[in-house]
Every structure is written in structure tokens, then in C-alpha cells.
Amino acid sequence: METHGVYRRTRSHGPLCWVPASAHTRAQSPEGIYLTDIYAQPIPPVAIAIRNISFSPRQVTSDASFHSVSFSETDHPKVLITGGLGQLGVGLAKLLRKRFGKNNVILSDIRKPPSNVFHSGPFIYSDILDYKNLREIVVNNRITWLVHYSALLSAVGEANVALARSVNITGLHNILDIAAEHGLRLFVPSTIGAFGPTSPRNPTPDLCVQRPRTIYGVSKVHAELMGEYYHHRYGLDFRCLRYPGIISADSMPGGGTTDYAVQIFHDAIKSGKFECNLRPDTRLPMMYIDDCLRATLEVMEAPADTLSMRTYNINAMSFTPEELSQELQKQMPDLEVTYDVDLVRQAIADSWPMDFDDSNARKDWSWKHDYDLPELVQTMLNFFEAERRMSHIN
Ligand SMILES: NC(=O)C1=CN([C@@H]2O[C@H](COP(=O)(O)OP(=O)(O)OC[C@H]3O[C@@H](n4cnc5c(N)ncnc54)[C@H](O)[C@@H]3O)[C@@H](O)[C@H]2O)C=CC1
Ligand SMILES: CC(=O)[C@H](N)C(=O)O
């Protein structure tokens, strides 16, 4: 064993890492963090592997050995998706299963899955607020990648701040600890909502003032900072993309400010009418779901040395409700759009970016979107038309 000041070098399992030479007497913080480990030792000068250092707060003894990342680049990762029954999780599972095999991707949520989802691959109950249950799932299934989708979005978050704080912040802490303890590659999405009225809005760069005014935004800035802190302090392989508003045809949004851009298609097809809850000139960054999910896979597969940052903006297009309506009206000239502004959502939208600068993602890991507004509208309409034909056949 090699020593270096108060640190010793160890290889219990996996790669060499520096651990505190004396980690016996530990004062536990209310959150279970071993404060003596964090503060009594000098901070080592390099970013180091986490596993045996000052964390694993809740239940891991000082001499427990952690596993290194069991996923070698030639193996398929074993993926767990939390909050997987929302707008994005089912589509992501489908994409990852195509790439890594059906049984290598586990969807989880606290809701009951619809039958088609239940029969399309592994599904498991997991409440991210239940730390032990999460750990059991990760251990029993030899998980190597964790995609953390559970969250309360901007509008529902404002309607239930206490629950949003608990799911989005306490839940994230559980996820970070589990991921760090078990050497997982961790993806946590952030959002355009992580910016606020004092951020530059047109365009919004990766690094600038972030003072969001929603609990959702605050929790996402917290997630970005905590993930990056765990990366630098403990070597956690944390990866994060700030998504714009995501538009999908076969899954519904979960209560956000950008939901109108999905709802307009459903209402246009069903009734030829749409009442928009944002002002016609509200410009927000948006993306078709296929681009969003592909970006997620691409950043997860990107070699670590291509990532100059751990949190990236990604973007595809920016439009207003009026511009989206006009594009739809090219195909549906009878569509009637009216406006009844929801003051909460409008205030949120007015504090968010109008355009998103994603040049770092394009430079570092060659991010490129496929769908602009015309392709988005055409693809959405094609989906509903195909669905209508199928329902006539059946
Ligand atoms: N959909 C969008 O436009 C955008 C989404 N994102 C982020 O992407 C992620 C996924 O978003 P969506 O699928 O749209 O969200 P969603 O709101 O549709 O789904 C979230 C899921 O989390 C689950 N959940 C809630 N509490 C939970 C708990 N205690 N334990 C486990 N699961 C729990 C819900 O049951 C739900 O299925 C979120 O983190 C969101 O912030 C970011 C920017 C844009
Ligand atoms: C952009 C998001 O994060 C989400 N769709 C919301 O509107 O809350």
C-alpha cells in the first residue's frame, strides 16, 4: 500500500483510488453525511475516484469496498431509467433496447405501466425517495448506467412545492449517492427552466447567471451543481443535458410550461380548435423527441475526454405559439387558435430562454439536430394520420 500524506492508495476492487488513511470516528450529519471525512482531511489536489472516500453516507461502513464501473466499453451497459413512464422514458427505453438489447434496459416508476409498456421489456416499481429499494435494484440487476428522469415539471412543481422539493432534490440526493457508490454512469436531464429572468435570454449560453424563479428550476440548478461537484470531488461519471421543451406524438407531457406545443396537435386533430395558455409571441426553445433521445444516447456514449463540460445546452429550434399555429395551418387551414393566458405559466415562460446556444455540444461531441419546425409539424401530423388509419382498419 502506498501512502500520500493522510491518504492511502488502495485497490480493493477496481481502479486505484485515494482514500483517507484514517476514517474511523465519524460524526454523521443530519443527512447522514460523514462530516469528519469531508472536513477533517485535506482535499486531495486531483479529481479522484470516489468510492471509499468521504461519502456513502447512509449505510456503508468505513471499510466497505466499492466496485469500480463494471461496464467495460465493449460490454453493453445495464441501464435503469427512473420516472420512466413520463413523456420521455418509454421512448428512451425503446431506443436503448434497440441498441443494447431488451433485457439490458429496465424502466421504473411509481405508477402502474400500461399493458403495452409492461410487455415491451423489464419494468420495476421504484420510488426514488426509497433509498434502500433503489440500491437493491441497482445491485440485483448489476446496473451500470442510470438515467434519472423522475421529476415534477415546472407548472406542477409550482402547484406543489413541497412535493417538488422532495422528489427533485431529496430524490436526486439518493440517486447521486447510489450512482457514486456503485460506480454508475449517471445521466440527469436539466432544462431551459434552469435559467431565470436575469439570464441572457437570446441566446442563452451554457455558462451565465442562473437564478430561476421556480422550484423546478432551482432543483435543476441544484442537480447540475451537485452532479458536477460529485464528478470533480469523487470522480462520478455525471452527464447532463439541458433539454428545451420536448414535443412528442405518442406520449403526453407531465405538467410543464411548454406543454401547449404538444396539446395543439391533439386538439387540432380532434376538434380543429386550440386554446393556447401562453401569449402568441412567447418564444421558447423546442425539440422533437427523437432528437432529444438521440442526444441523450450520444452524450452517454461520448468518450469522457471529448466532454469539456458535464452540463450542456442542446437545441433544435425556437418558435412562438403563433409561428407553430401558422406552420400547422399550412396543412390544416381551418385550424382555429385562440388565447387564454395562464398567468403562472406565462410568468415562467417570460423568464426562460428564447433561444438556446448549444455550440459547445455541437463542438465537443458533434451534436446535430435533425428536426426543424416544418419537419416537426409534418412528422407529428404523419403520426396522427397513421394512427387514424390504423383505428379505421381495426
Ligand atoms: N418533457 C420535457 O419537455 C422536458 C423534460 N425534462 C426533464 O426530463 C425528465 C423527464 O421528463 P418527462 O418524461 O417529461 O417528465 P414527466 O413529468 O412526464 O414524468 C416524470 C415521471 O416521474 C415519476 N415520478 C414522480 N415521482 C416519483 C418518485 N417519487 N419516484 C419515481 N418516479 C417518480 C412520475 O410518475 C412520472 O412518470 C425530467 O427530469 C424533466 O425535468 C427537461 C426539459 C424538458
Ligand atoms: C422545458 C421543461 O423543462 C418542461 N417541458 C416544462 O415546461 O416544465
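Counting starts at 1 for both ligands and their atoms, in listed order.
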Is it true that Trp352 lies under 4.0 Å from ligand 2, counting heavy atoms only?
yes
For the residue pair Phe265 and Phe384, categorise the inter-ring angle as parallel (less than 30°), tilted (30 to 60°) or perpendicular (more than 60°).
parallel
Which atoms of ligand 2 sit under 4.0 Å from any heavy atom of Thr257?
6 (C), 7 (O), 8 (O)
Quick one: sort the Tyr229 and Tyr234 rings into parallel, tilted or perpendicular, breaks at 30° and 60°.
perpendicular
Would you indicate whether Arg388, at its atom CZ, is surrounded by more than 12 heavy atoms from other residues, nucleotides or ligands within a distance under 6.0 Å?
yes
Under 6.0 Å from the CZ atom of Phe118, do we count more than 12 heavy atoms belonging to anything else shown?
no
Evaluate Ile246 for polar contact with ligand 1, using N/O atom pairs at a separation under 3.5 Å.
yes
Ligand 2 atoms nearer than 4.0 angstrom to some heavy atom of Leu153 are 4 (C), 8 (O)
Are Lys220 and ligand 1 in contact, using a heavy-atom cut-off of under 4.0 Å?
yes
Any sub-3.5 Å donor-acceptor pair from Arg185's side-chain atoms to Met300's backbone N or O?
yes
Would you say Asp127 touches ligand 1, if touching means a heavy atom closer than 4.0 Å?
yes
Check each atom of ligand 2 against the heavy atoms of Gly256 and keep those under 4.0 Å away; list them by number with element.
6 (C), 7 (O), 8 (O)
Do Arg294 and Asp290 sit within salt-bridge range, that is, some charged N less than 4.0 Å from a carboxylate O?
no
Take atom CZ of Arg362 as the centre, draw a 6.0 Å sphere, and report whether it contains more than 12 heavy atoms from other residues, nucleotides or ligands.
yes
N/O to N/O below 3.5 Å, does that happen between Pro253 and ligand 1?
no
Work out whether the distance between some heavy atom of Gly255 and some atom of ligand 1 is less than 4.0 Å.
no
I'd like to check which ligand 1 atoms, numbered from 1 as shown, lie under 4.0 Å from a non-hydrogen atom of Thr191.
42 (C), 43 (C)
Looking at Asp237 and Arg239, is any side-chain nitrogen of the basic one under 4.0 Å from a carboxylate oxygen of the acidic one?
yes
Regarding ligand 1, does Ser190 bring an N or O atom to under 3.5 Å of one of the ligand's N or O atoms?
no
closest protein heavy atom to atom 5 (N) of ligand 2 is Thr258 OG1, 2.8 Å
Need the ligand 2 atom indices (1-based, order shown) with element for anything under 4.0 Å from a heavy-atom of Ser154.
6 (C), 7 (O), 8 (O)
Ring centroid separation for Tyr312 and Trp367, is it under 6.0 angstrom?
no
Pro244 and ligand 1 - part of the residue with a heavy-atom distance under 4.0 Å:
backbone
Can you tell me which portion of Gln87 lies within the under-4.0 Å heavy-atom range of ligand 1? Options are side chain, backbone, both, or neither.
both
Counting from 1, what ligand 2 atoms have a heavy atom of Thr191 closer than 4.0 Å?
1 (C), 2 (C), 3 (O)
Among Leu153, Ile192, Val262, closest by heavy atom to atom 15 (O) of ligand 1 is Leu153
